Amino acid sequence: MHLKDLVRRDFENLLNSERLRTDHQTEELIFMQSIEGHAHNGAGTFQKNRYVDLTIDDIVKLLGKDTAAIRAARQRLIDEIRQFAEKSVAGDRPERLVNDQGEPFLRIPFLKDLTVDAVDVCRGLYLGGKRDNSEVRREAEEKYGVKIGGGEHYFVDMQVLRRMGLDCEKLAHGPHADSIGEYRAKGLIVGEDRYHGSANGNYRHVYIRHRVGPGQSDDSAIVVAGLLYGRDVALGVFLADAVDTLEKYVPKYSDQDEDIAGIIAGGIKDLGIGWDEVLQFARLSAIPEGHEHSVPDSSLRYLLLVDRQTRMTALESHLKAVEKEPLLPMPLGLSRVPSYDFYSYINRRILETRPPARPVAVPVAPAAARAMRVKEFMNPDVLTVSADTRVEDLIARMLSENKDFAVVLDRKGKVRGAVRSSDLLRILRL
C-alpha cells in the first residue's frame with residue numbers, strides 16, 4: 001500500500017473510531033498530528049512499517065488538505081489563548097475561557113460554562129510555558145539531582161541529514177546538546193528564512209534532543225498544578241500544553257507557550273510564583289526514571305479522548321480530582337494507566353518532594369458495587385500506627401512502605417480511625 005493510502009486510511013480510522021471533546025474541525029487538526037506519531041512508531045495502519053522522517057507537513061499534503069489553511073486554523077486557536085493572557089496583563093481579567101465570538105478555547109464545550117480567575121489561569125500558562133523549556137529542565141536536573149531530558153525544534157536540511165548518516169529518529173532520541181554548534185556549521189541546522197524560502201521541500205522542522213531522560217508528563221503537570229495552586233492554574237497549564245502541541249505546525253514557528261509565559265511574567269506583578277517554584281514544578285511534572293510506563297503522559301488527543309466506559313475525558317477526570325469530586329476509574333494515556341493509581345502516585349510524589357505551597361486533597365473515588373465478598377479483594381498488608389505517632393514519622397513510614405493510608409489503633413489495639421495521604425497533604429504546610 002502506498003504511503004498516501006496509509007496516511008488517509010489512518011486518518012479515516014481515527015475519525016471513525018474516536019471522539020474528542022471538541023468540535024469536528026479541531027478534532028481533525030489534532031488527528032493529523034497523531035498520524036505523525038503513528039508513522040514514526042509503525043502504529044495504526046502503518047503496521048510496524050516506520051516512516052521516521054515523515055512530518056505533519058507531509059501528512060497534510062498527503063491528505064490533500066490546504067497547508068496554509070491548516071496552519072492558520074491551528075494558529076487561531078493559539079491566538080485566542082494569547083489574547084486571554086494579553087487582556088489579563090492589561091487589567092481586563094476575563095472570567096471566561098472563550099474567544100471574542102463566545103466560542104470556548106480549543107472548542108472544548110465544558111470550558112464555556114466555567115467562571116475562572118484570570119490571574120490563576122495566567123499562573124498556569126506561565127508554569128506550563130516555563131516547565132517545557134529545555135534550559136529550565138536542565139536547571140531543575142542540576143538543582144534536584146534528577147534526570148528529565150529535553151530538547152528543542154530546529155529547521156533541518158534533510159539532504160545534509162542523510163549525508164551525515166542521521167535521520168529524524170536519531171535526532172529525537174539524542175543526546176545532541178554538544179553537537180548543536182557542529183550541526184549549524186555543517187548546514188544541518190538552518191534558519192527559518194531558508195525553510196520558508198525553499199521550493200524543493202528539503203527542509204523540515206524537527207525535534208533535536210539535547211539530553212536524554214524520561215521527560216515530563218502533561219497529566220502530572222495538570223494535576224500537580226491543581227493540587228498546589230487550584231483548578232484554574234491547572235486549566236492554564238493544560239492550555240499551555242495545548243499551545244505547545246499546536247505550535248508545531250503554524251505559519252511562523254516559535255516557542256509560543258514560552259512567549260505567552262513571557263508576556264505574563266512581564267505584565268502581572270502579583271503573579272506570586274517564584275523561580276524556585278518553577279523549578280520545583282518542572283521536577284514534579286517529570287517522570288521518574290523507571291516509571292516511564294506507569295506514569296501517563298497524555299498527548300492533547302488523549303487528554304480530550306472520550307472514554308467509552310465513563311463518557312469522560314482524562315482532562316475532566318484530572319479536574320474532578322483537583323476539585324475533590326467523585327470519580328469513576330478510567331485508563332489514562334497511551335499506556336492506559338489506571339486513574340486511581342495515578343492520583344495515588346501524585347499524592348506520594350508531593351509528599352516526597354514537599355514543595356513550597358499548600359495542596360488540597362485528592363479525593364478517594366467511590367468504588368463500584370461488586371457482587372463479591374470483601375475478603376476477596378481486601379489488602380491484608382495494612383500499615384497500622386498508634387494514635388500518638390508523630391506526623392513526620394507516619395509520613396516517613398508511608399513513603400518507605402509505599403502506602404496511601406494507615407489504620408490508627410489505640411493502646412488496646414482497637415481501630416480508632418484512618419489517615420490517608422490526602423489528609424496529610426491538607427494539613428502540612430510544605
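Values in this document were obtained by computation on a predicted structure and should not be read as measured data.
- Salt bridge annotation for E142-R138: present, with a cationic side-chain nitrogen under 4.0 angstrom from a carboxylate oxygen.
- Residue S339 comes nearest to P329 through the heavy atom pair OG-CA, 3.5 Å, listed as atom of the first residue, atom of the second, then distance.
- With rounding to the nearest 0.5 angstrom, the CE atom of M330 is 7.0 Å from the CZ atom of R336.
- When all heavy atoms of L127 and E277 are compared, the pair lying nearest together is CD2-O, 4.4 Å.
- Residues forming a ring-ring contact (aromatic ring centres under 6.0 Å, His included) with F11 (at least two apart in sequence, or on another chain): none.
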Yes or no on salt bridge (charged side-chain N to carboxylate O under 4.0 Å, His left out) for E139 and K143, after CA distance, side-chain angles and deciding distance? CA-CA 6 Å; E139 191 173 341; K143 179 171 182 177; over 6 Å; no
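- Sorted by first and then second residue, the ring-ring contact (aromatic ring centres under 6.0 Å, His included) pairs with a member in residues 286-317 form an empty list; sequence neighbours excluded.
- Residue pairs meeting the salt bridge (Lys or Arg N to Asp or Glu O under 4.0 Å) criterion with at least one member in residues 27-45, sequence neighbours excluded, are E28-K65.
- Residue Q309 qualifies as open at atom CD: its count of foreign heavy atoms under 6.0 Å is 12 or below.
- Here the straight-line distance linking atom CG of D132 with atom CG of D244 works out to 4.0 Å at 0.5 Å rounding.
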Working for side chain to side chain contact (heavy atoms under 4.5 Å, CB included), residues Y203 and V156: CA-CA 5 Å; Y203 302 98; V156 168; over 6 Å; no
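- In this structure a side-chain-to-backbone donor-acceptor pair under 3.5 Å is present from D232 to D117.
- By the neighbour-count criterion of 12 heavy atoms within 6.0 Å, atom CZ of R9 is sparsely surrounded, having that number or fewer from other residues, nucleotides or ligands.
- For the pair D257 and E247, the minimum side-chain heavy-atom distance is below 4.5 Å.
- Screening residues 291-308 for salt bridge (Lys or Arg N to Asp or Glu O under 4.0 Å) gives E18-R301 as the qualifying pairs, with residues at least two apart or on separate chains.
- To the nearest 0.5 Å, atoms NE2 (H318) and OG (S220) are separated by 8.0 Å.
- At least one side-chain heavy atom of T45 sits under 4.5 Å from a side-chain heavy atom of N13.
- Judged by distance alone, the side chain of T389 and the main-chain N or O of V385 form no donor-acceptor pair under 3.5 Å.
- Side chains of Y343 and S317: a donor-acceptor N/O pair is present below 3.5 angstrom, by distance only.
- Shown here is D178, whose CG atom has no more than 12 heavy atoms of other residues, nucleotides or ligands within 6.0 Å.
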Could you give me the CA-CA distance, side-chain angles and deciding distance for L54 and I35, then say whether side chain to side chain contact (heavy atoms under 4.5 Å, CB included) is met? CA-CA 10 Å; L54 198 69; I35 297 171; 5.6 Å; no
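- If you check the side chains of Q33 and R74, you find a donor sitting under 3.5 Å from an acceptor.
- Residues passing the side-chain contact (heavy atoms from CB on, under 4.5 Å) test with V136, sequence neighbours excluded: N133, W275, V278, L279, A282.
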Show the numbers, then the answer: is there a salt bridge (charged side-chain N to carboxylate O under 4.0 Å, His left out) between K186 and E182? CA-CA 6 Å; K186 291 185 176 181; E182 175 191 354; 2.8 Å; yes
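- Rounding to the nearest 0.5 Å gives a distance of 10.5 Å between CZ of F342 and CG of N347.
- Between R76 and D79 there is no salt bridge, since none of the side-chain N atoms of the basic residue sits less than 4.0 Å from a carboxylate O of the acidic one.
- In this structure, V233 and V121 have side chains that are not in contact, with every pair of non-hydrogen atoms separated by 4.5 Å or more.
- Between E103 and R107 there is a salt bridge, since a side-chain N of the basic residue sits under 4.0 Å from a carboxylate O of the acidic one.
- For R231, there are no side-chain hydrogen bond (donor to acceptor under 3.5 Å, both in side chains) partners at least two apart in sequence or on another chain.
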Chi angles and distances behind the side chain to side chain contact (heavy atoms under 4.5 Å, CB included) call for L305, R21: CA-CA 6 Å; L305 178 65; R21 190 77 81 207; over 6 Å; no
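- Side-chain contact between L29 and I70 is present, with heavy atoms from C-beta onward closer than 4.5 Å.
- Here the straight-line distance linking atom CG of L228 with atom CG of L284 works out to 6.5 Å at 0.5 Å rounding.
- No donor-acceptor pair closer than 3.5 Å links the side chain of N202 to the backbone N or O of M158.
- Between the side chain of D157 and the main chain of L188, no donor-acceptor pair closer than 3.5 Å is present.
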Test ring pair (Phe, Tyr, Trp, His ring centres under 6.0 Å) on Y183 and H176; report intermediate values, then the result. CA-CA 9 Å; Y183 292 164; H176 299 276; 5.8 Å; yes
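- Residues meeting the salt bridge (charged side-chain N to carboxylate O under 4.0 Å, His left out) test with E169, sequence neighbours left out: R50.
- Residue pairs meeting the salt bridge (Lys or Arg N to Asp or Glu O under 4.0 Å) criterion with at least one member in residues 202-218, sequence neighbours excluded: D58-R204, R131-D218, E141-R211.
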Check step by step if salt bridge (charged side-chain N to carboxylate O under 4.0 Å, His left out) holds for D57 and R71. CA-CA 9 Å; D57 186 58; R71 290 178 191 267; 3.3 Å; yes
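- Sorted by first and then second residue, the ring-ring contact (aromatic ring centres under 6.0 Å, His included) pairs involving residues 232-265 (not counting sequence neighbours) are F155-Y253, Y195-Y253, H205-Y253.
- Residues that satisfy the side-chain hydrogen bond (donor to acceptor under 3.5 Å, both in side chains) test with K112, not counting sequence neighbours, are absent from this structure.
- Between the side chain of R93 and the main chain of S88, a donor-acceptor pair closer than 3.5 Å is present.
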Please evaluate residues L303 and T313 with respect to the criterion side chain to side chain contact (heavy atoms under 4.5 Å, CB included), reporting the C-alpha separation (whole Å), side-chain torsions for both, the decisive distance (0.1 Å), and the verdict. CA-CA 6 Å; L303 284 170; T313 65; over 6 Å; no
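- Side-chain contact annotation: Q75 with Q256, donor-acceptor N/O pair under 3.5 Å present.
- D23 pairs by the side-chain hydrogen bond (donor to acceptor under 3.5 Å, both in side chains) definition with T26, not counting sequence neighbours.
- When atom types are taken as modelled, the side chain of S217 and the backbone of A286 share no donor-acceptor pair closer than 3.5 angstrom.
- Sorted pairs that involve residues 110-129 and meet ring-ring contact (aromatic ring centres under 6.0 Å, His included), not counting sequence neighbours, are lacking altogether.
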